[in-house]
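The chains referred to below are lettered A, B, ... by the order of the sequence lines, with proteins before strands, and numbering in each begins at 1.
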Amino acid sequence: MTGAGIIERLAARLALGDGAFEADAEAADPWIRLPGERLLEAAKFLKSDPELDFDTLHCLSGVDWPKADPPAIEVVYHLFSLTRKHWIVLKVRVPRSGGRLPTLEGVWKAANWHERETWDLFGVRFEGHSDHRRILLPADWPGHPLLRDWEWPDTWHKIPVKPGRQMHERAETGQMSGVGPFD
Amino acid sequence: MSSPRLPGSTGFDGAPTVTLYDEDLPPDNSYAFSPDELEEDEMILNMGPQHPSTHGVLRIELKTDGEIIKDSRPHIGYLHRNFEKHAENIDYQGVIPFTDRMDYVGSMGNSLAYALTVEKLLGITVGERVACIRIITAELQRIASHLLAMGTYGMDIGAFTPFLLCFQQRERVLDLFEWLCGARLLYNYNWVGGVSHDLPDGWTDRCGRFLDEFVPVLDEVDRLLSHNKIFIRRTGDVGIIPPEMARDYALSGPNLRGSGISWDLRRDDPYLGYEDYDFDVITGTGAHGPIGSCWDRYFVRVREMYESVRIVRQALERLPAEGDVRENVPRFIRPSAGEAYCRSEAPRGELGFYIVADQKKPIPYRVKGRSPCFVAMGLFHEITRGEMIADIIAIIGSLDIVLGEIDR
């Protein structure tokens, strides 16, 4: 099924009006942006509908948009169907601090670790998650590092962790970083 | 009377060689299981992160009853570098060395997936010669990576000889790569829009010679290990991943095919012109025990090496004689499109990158790496439940994980 068809079918099923969602069927990866409270319902439908049959949650990423209006973290779900061979990208926006979403662990079990990672690096809570611990970072690591305004601590338990300034400064001034083909 | 302090003076306070005091130690909250919830005869056992069979720094927390695993939780993150944060500060080509370091025994596949994603974002297509070179290097990398998986798996189980034979052959692939681009493990070879070096004179001949000599050795290792009675007993009925579970956990690559699902990106969602190549997709057959066992996953990798040899031979034949491998390498990358997700069949499964472009800067806004090993490790607790402690080794080896990719 094409991206437009999937979006249309999902919007019809969830009875979403024109203003209730955004979508782009023409993008390289067609996506649809839903309100967070409809996410679980949408996910269950996408998995169970025989025409759509999205049997795998392929990837789950967070993207921080501090300059958007209102500032938000976008959680992006890449869904793929092994039987139908089609894609859809679900996007949900949550507030930058204290954002909460329902867990999709009950729909695709692959969500478990992906959601832990998104909690760890972005600070988005997943309600009803069975094992809501940090996954990549130590439990007492300060903050959620993939937030754009996250600041490096100088030390962590007396271990210096702040990187050298060189790479960051060169990037800020627009210089090439010296590792590509045209350094 | 208290005993006198030997090296220090009696008036000295504290112990000078202890540098971390109690209040500075991280809180001990790195356990998923609580000792208070244990039933009788159960205990919590840590395996790793220094255990040699965990293929890197992986710690597994086991809840055991004698030798039986009641439950387990992997603890990852010991190699976490967060290349995604670094990628927010460097240009597109500069991210490639970081991706090399994800799966450090399959670097060609990583940089290929990343380059394909940025090319999708920019709308670049590469020439025929570059596509052929990329396929040759990717498949040679698959051979090298599967040889490592096969050799170390045998050694985990207790067979030492296959390891030596596998590493001799892997060394020859690394020699080819070293001749090609100067590096043996971390190549920085696949650039956006091209590759860093053209094939040197005589490289294709030596590559063809390697393939000719490699196949008999692979036959021999296969005879030595795959159908060995002890090996089958250790792996044939262990770590079963049923097909439904494999789908539910979004497994990919040899782990998915080991469960009997015939899915290979090179055939089903081809890139770089893989659709023109003649090869078979290998799936697990359940020859020794239920389908989706450790042995199935292992044997998928062995058979895949033969298929890779076939693909490389075809690619060597159709390699165009002329062509600039850097022709389409952009001087300056600033995509106008918003975002792209692209994946490719890396040796360990489907490696995908999700890139959001910053339209005003030559720096990606967000790079996310979807790592197949990370996903595979997510079902570890399911397939270890009820197995023996010694089987943990067999299961980890059969998933063929690389911690650099799990932790990123």
Side-chain angles (χ1 to χ4, degrees), chain A residues 24 27-29 31 55-65 74 76 78 80 82-83 85 87 89 107-114 116-117 120-121 131 133-141 145-146 148 150 156-158 163 167-168 170-172 174-183, chain B residues 19-20 24-27 29-30 32 73 76-77 80 82 84-86 88-94 96-97 120-121 188 191 194 196 245 247-251 261 263 268-269 326 329 331 337-341 343 350 352 354 356 361-363 365-366 368 370 374-375 377-379 382 407-408:
Chain A
D24 187 350
D29 306 309
W31 55 265
D55 47 11
T56 57
L57 170 64
H58 198 74
C59 181
L60 195 165
S61 340
V63 187
D64 186 22
W65 296 102
E74 192 156 70
V76 184
H78 283 87
F80 184 67
L82 287 175
T83 48
K85 298 189 188 178
W87 281 102
V89 184
V107 188
W108 299 281
K109 285 187 181 156
N112 187 326
W113 272 37
H114 284 304
R116 279 176 71 188
E117 187 191 319
D120 194 356
L121 302 179
D131 191 12
R133 291 176 295 127
R134 300 193 97 144
I135 187 163
L136 290 167
L137 296 169
D140 57 345
W141 187 259
L146 279 183
R148 301 294 287 200
W150 179 79
W156 180 74
H157 295 294
K158 297 187 178 171
M167 188 168 69
H168 183 71
R170 290 176 73 177
E172 287 287 292
Q175 276 177 280
M176 288 295 180
S177 49
V179 276
F182 305 109
D183 45 345
Chain B
T19 47
L20 278 174
D24 294 323
L25 286 170
N29 45 10
S30 49
R73 286 285 180 282
I76 61 170
H80 183 54
N82 211 336
E84 299 170 8
K85 187 75 181 171
H86 290 298
E88 290 174 4
N89 285 322
I90 42 180
D91 56 72
Y92 284 89
Q93 302 273 27
I96 292 173
K120 182 175 173 184
L121 204 58
N188 187 13
W191 284 350
S196 71
M245 191 197 277
R247 258 198 207 118
D248 213 7
Y249 277 97
L251 278 192
I261 298 175
W263 177 265
D268 296 307
D269 188 5
R326 296 194 193 180
V329 177
R331 288 214 148 252
E339 59 180 51
Y341 181 82
R343 55 187 179 159
E350 287 167 23
Y354 174 56
V356 181
K361 283 188 196 166
I363 294 172
Y365 188 78
R366 168 91 169 101
K368 151 93 184 181
R370 184 263 189 206
F374 180 85
V375 173
M377 221 42 210
L379 59 56
E382 297 253 16
D407 295 341
R408 281 163 289 147

Chemist: Select, from A/Val76, A/Leu57, A/Val107, A/Asn112, the one with the greatest count of heavy-atom pairs under 4.5 Å involving chain B.
Modeler: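 Option with the greatest count: A/Val76.
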
Chemist: Of all of A/Ala27, A/Ser61, A/Pro145, A/Pro138, which one pairs up most often with chain B through heavy atoms under 4.5 Å apart?
Modeler: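 The candidate making the most pairs under 4.5 Å is A/Ser61.
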
Chemist: With a 4.5 angstrom heavy-atom cut-off, which part of B/Asn82 approaches chain A: side chain, backbone, both or neither?
Modeler: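 Interface part for B/Asn82: side chain.
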
Chemist: B/Tyr341 vs A/Trp87, test: ring-ring contact (aromatic ring centres under 6.0 Å, His included). Steps then yes/no.
Modeler: CA-CA 10 Å; B/Tyr341 181 82; A/Trp87 281 102; 5.5 Å; yes

Chemist: Identify which part of B/Ile76 has an atom lying under 4.5 Å from any heavy atom of chain A, answering side chain, backbone, both or neither.
Modeler: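 Both backbone and side chain of B/Ile76 come within 4.5 Å of chain A.
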
Chemist: How far does CD of B/Glu350 sit from SG of A/Cys59, to the nearest 0.5 angstrom?
Modeler: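 Reported value, rounded in 0.5 Å steps: 11.5 Å.
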
Chemist: Distance check, rounded to the nearest 0.5 Å: B/Lys368 atom NZ versus A/His114 atom NE2?
Modeler: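 Answer rounded to 0.5 Å: 6.0 Å.
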
Chemist: For the CG atom of A/Leu60 and the CZ atom of B/Arg370, what is their distance to the nearest 0.5 Å?
Modeler: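 Here the rounded value is 11.5 Å.
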
Chemist: Is any side-chain heavy atom of A/Leu146 closer than 4.5 Å to one of B/Lys85?
Modeler: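 Yes, side chains in contact.
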
Chemist: Any carboxylate oxygen within less than 4.0 angstrom of a Lys/Arg side-chain nitrogen, looking at B/Arg73 and A/Asp131?
Modeler: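 Salt bridge flag = yes for A/Asp131 with B/Arg73.
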
Chemist: Counting N and O atoms only, with roles assigned by atom type, does the side chain of B/Arg247 sit under 3.5 Å from a partner on the main chain of A/Leu82, one being a donor and the other an acceptor?
Modeler: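 Side chain of B/Arg247 to backbone of A/Leu82: no pair is present.
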
Chemist: Give, for atom CD of B/Glu88 and atom CH2 of A/Trp150, the distance between the pair rounded to the nearest 0.5 Å.
Modeler: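 Atom-to-atom, B/Glu88:CD and A/Trp150:CH2 are 10.5 Å apart.
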
Chemist: Find the distance between CG (A/Leu136) and NE2 (B/His80) and round it off to the nearest 0.5 Å.
Modeler: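 Separation between the atoms: 5.0 Å.
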
Chemist: Please determine, among B/Ala250, B/Gly194, B/Gly338, the option with the most heavy-atom pairs under 4.5 Å with chain A.
Modeler: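 Top count of heavy-atom pairs under 4.5 Å with chain A: B/Ala250.
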
Chemist: Count the heavy-atom pairs under 4.5 Å between each of B/Asp268, B/Ile261, B/Leu251 and chain A, then report the option with the highest count.
Modeler: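 Most heavy-atom pairs within the cutoff with chain A belong to B/Asp268.
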
Chemist: Does B/Tyr354 reach the side chain of A/Val63, with side-chain heavy atoms less than 4.5 Å apart?
Modeler: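 Side chain of B/Tyr354 against side chain of A/Val63, heavy atoms only: contact under 4.5 Å found.
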
Chemist: Please determine whether a side-chain nitrogen of the Lys or Arg among B/Arg408 and A/Glu117 lies less than 4.0 Å from a carboxylate oxygen of the Asp or Glu.
Modeler: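 A salt bridge is present here (some side-chain N lies under 4.0 Å from a carboxylate O).
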
Chemist: Relative to the ring of B/Tyr365, is the ring of A/Trp65 parallel (under 30°), tilted (30 to 60°) or perpendicular (over 60°)?
Modeler: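 Parallel.
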
Chemist: Nearest 0.5 Å, what's the CD1-CE distance between A/Ile135 and B/Met377?
Modeler: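 These two atoms lie 10.5 Å from each other.
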
Chemist: Among A/Asp24, A/Thr56, A/Asp29, single out the residue with the greatest number of heavy-atom pairs under 4.5 Å to chain B.
Modeler: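 Ranked by heavy-atom pairs under 4.5 Å with chain B, first place is A/Asp29.
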
Chemist: Taking every non-hydrogen pair under 4.5 Å, which of B/Met245, B/Arg343, B/Lys120, B/Glu382 racks up the most with chain A?
Modeler: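 Of the options given, most contacts go to B/Arg343.
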
